[in-house]
Amino acid sequence: QVDLVESGGGLVQPGGSLTLSCDASGTINRINTMGWYRQAPGKQRDLVATKNIHGDTEYGDSVKGRFTIFRDDDKNTISLRMNNVKPEDTAVYYCNLRQRLNPFAPIRDYWGQGTHVSVSS
């Protein structure tokens, strides 16, 4: 079993900054991708940012240039630095781990419970 615990969500003003963190524990393959997705009311769960073991990153178009993802593989943690936030960034942010338990197993997604970010003046 994999446990993902998010923290850092809250209320922030437009133009401000916020950092989200995710601590991972359990059965974790070193070869994995971790990242953040978000879901606003009435919308699909969308990509925010991901980073794999090699350091390759992927960002959603709406956050490029504003958000940055970091990994600390020694601690099994990942964080998201959100700069110049906008009201449309308001959503529940979910930590994601994508991995296979062994070379013959299928790839699986694991999710945290989410942390809410509200951008409002």
Side-chain angles (χ1 to χ4, degrees):
Q1 184 65 35
V2 173
D3 192 28
L4 302 173
V5 180
E6 303 103 331
S7 62
L11 178 64
V12 61
Q13 295 183 347
S17 297
L18 195 68
T19 299
L20 306 181
S21 297
C22 176
D23 296 330
S25 62
T27 305
I28 301 174
N29 192 328
R30 180 181 61 86
I31 304 174
N32 67 65
T33 299
M34 293 189 68
W36 295 91
Y37 293 74
R38 68 187 183 186
Q39 187 168 19
K43 296 185 177 180
Q44 298 287 321
R45 185 174 297 188
D46 293 327
L47 166 72
V48 177
T50 63
K51 193 169 189 176
N52 66 19
I53 190 65
H54 305 294
D56 302 321
T57 59
E58 184 178 8
Y59 290 91
D61 289 339
S62 63
V63 307
K64 289 179 179 177
R66 298 189 297 120
F67 294 3
T68 306
I69 190 169
F70 302 91
R71 284 177 65 121
D72 187 339
D73 293 328
D74 291 333
K75 298 180 179 179
N76 285 327
T77 63
I78 195 165
S79 62
L80 181 72
R81 179 62 176 174
M82 306 166 60
N83 291 325
N84 190 27
V85 296
K86 305 175 180 180
E88 49 264 42
D89 294 322
T90 296
V92 177
Y93 286 70
Y94 296 92
C95 182
N96 169 261
L97 170 68
R98 176 169 290 180
Q99 67 172 10
R100 52 183 8 130
L101 296 179
N102 62 68
F104 304 99
I107 296 174
R108 289 189 59 185
D109 283 306
Y110 303 84
W111 299 94
Q113 290 297 309
T115 184
H116 189 262
V117 173
S118 180
V119 183
S120 176
S121 60

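The first residue in the sequence is number 1, and the count goes up from there. Owing to the predicted nature of the structure, the values given are computational and were not obtained by experimental measurement.
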*Asks:* More than 12 heavy atoms of other residues, nucleotides or ligands under 6.0 Å from CD of Q44: is that the case?
*Replies:*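 Result for CD/Q44: open.
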*Asks:* Can any side-chain N or O of T50 pair as donor or acceptor with the backbone N or O of G35 at less than 3.5 Å?
*Replies:* no
*Asks:* Between C22 and W36, which heavy-atom pair has the shortest distance, and what is it?
*Replies:* CB-CZ2, 3.7 Å
*Asks:* Report the distance from atom CG of L101 to atom CD1 of I107, rounding to the nearest 0.5 Å.
*Replies:* 11.0 Å
*Asks:* For residues 60-68, please give each side-chain donor-acceptor pair under 3.5 Å, one per line with the distance, not counting sequence neighbours.
*Replies:*
unit_1: D61; atom_1: OD1; unit_2: K64; atom_2: NZ; d: 3.1
unit_1: S62; atom_1: OG; unit_2: R38; atom_2: NH2; d: 3.1
unit_1: R66; atom_1: NH1; unit_2: N84; atom_2: O; d: 3.1
unit_1: R66; atom_1: NH1; unit_2: D89; atom_2: OD2; d: 2.8
unit_1: R66; atom_1: NH2; unit_2: S62; atom_2: O; d: 2.8
unit_1: R66; atom_1: NH2; unit_2: D89; atom_2: OD1; d: 3.0

*Asks:* Does Q113 have more than 12 heavy atoms from other residues, nucleotides or ligands lying within 6.0 Å of its CD?
*Replies:* no
*Asks:* Could you tell me whether the side chain of W111 reaches within less than 4.5 Å of the side chain of C95, counting heavy atoms only?
*Replies:* no
*Asks:* How long is the span from the CG atom in D72 to the CE atom in M34, to the nearest 0.5 Å?
*Replies:* 10.5 Å
*Asks:* Quick one: does T90's side chain have a donor or acceptor within less than 3.5 Å of a partner on V119's backbone?
*Replies:*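 Side chain of T90 to backbone of V119: a pair is present.
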*Asks:* Please check if L20 and V92 belong to a single hydrophobic cluster, counting links between Ile, Leu, Val, Met, Phe, Trp and Tyr side chain heavy atoms closer than 4.5 Å.
*Replies:*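 No; tracing contacts between hydrophobic side chains, which count when under 4.5 Å, never links both residues.
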*Asks:* Hydrophobic clustering (ILVMFWY, side-chain heavy atoms < 4.5 Å, transitive) - are L80 and Y37 grouped together?
*Replies:*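 Y37 and L80: separate clusters.
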*Asks:* If I take atom CG from residue L18 and atom OG1 from residue T115, how far apart are they, to the nearest 0.5 angstrom?
*Replies:* 8.0 Å
*Asks:* Using the rule that Ile, Leu, Val, Met, Phe, Trp and Tyr join whenever any side-chain heavy atoms are under 4.5 Å apart, tell me whether I78 and Y110 fall into a single cluster.
*Replies:* yes
*Asks:* Would you say R100's side chain and A105's backbone share a donor-acceptor pair under 3.5 angstrom?
*Replies:* yes
*Asks:* If Ile, Leu, Val, Met, Phe, Trp and Tyr residues are connected whenever their side-chain heavy atoms lie under 4.5 Å apart, and connections chain through other members, are L4 and I31 in the same group?
*Replies:* no
*Asks:* Judged by modelled atom types alone, do N83 and R81 share a side-chain donor-acceptor pair under 3.5 Å?
*Replies:* yes
*Asks:* Specify the closest pair of heavy atoms between S120 and P14, including all atoms of both residues, with the distance to one decimal.
*Replies:* C-CD, 3.6 Å
*Asks:* Is it the case that one hydrophobic cluster holds both V12 and M82, taking links as side-chain heavy atoms less than 4.5 Å apart, direct or via other members?
*Replies:*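 As far as the 4.5 Å side-chain criterion goes, M82 and V12 are connected within one cluster.
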*Asks:* Let me confirm one number: the CG-NE2 distance from L11 to H116, rounded to the nearest 0.5 Å.
*Replies:* 9.5 Å
*Asks:* Nearest 0.5 Å please: distance from the CD atom of E58 over to the OG1 atom of T33.
*Replies:* 9.5 Å
*Asks:* Which pairs with one or both residues in residues 4-14 pass side chain to side chain donor-acceptor pair (under 3.5 Å), sequence neighbours excluded?
*Replies:* none
*Asks:* Does any part of the side chain of Y94, heavy atoms only, come nearer than 4.5 Å to the side chain of V48, both counted from C-beta?
*Replies:*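 A side-chain contact under 4.5 Å is absent here.
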*Asks:* Any donor and acceptor pair, going by atom type alone, linking the side chain of D73 with main-chain N or O of N76 inside 3.5 Å?
*Replies:*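 No; zero donor-acceptor contacts below 3.5 Å.
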*Asks:* What's the verdict on side-chain contact (heavy atoms from CB on, under 4.5 Å) for I53 and Q99, showing C-alpha distance, side-chain angles and the deciding distance?
*Replies:* CA-CA 11 Å; I53 190 65; Q99 67 172 10; over 6 Å; no
*Asks:* When you compare the side chain of N32 with that of R71, does any pair of heavy atoms fall below 4.5 Å?
*Replies:*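 Yes. Closest side-chain heavy atoms under 4.5 Å.
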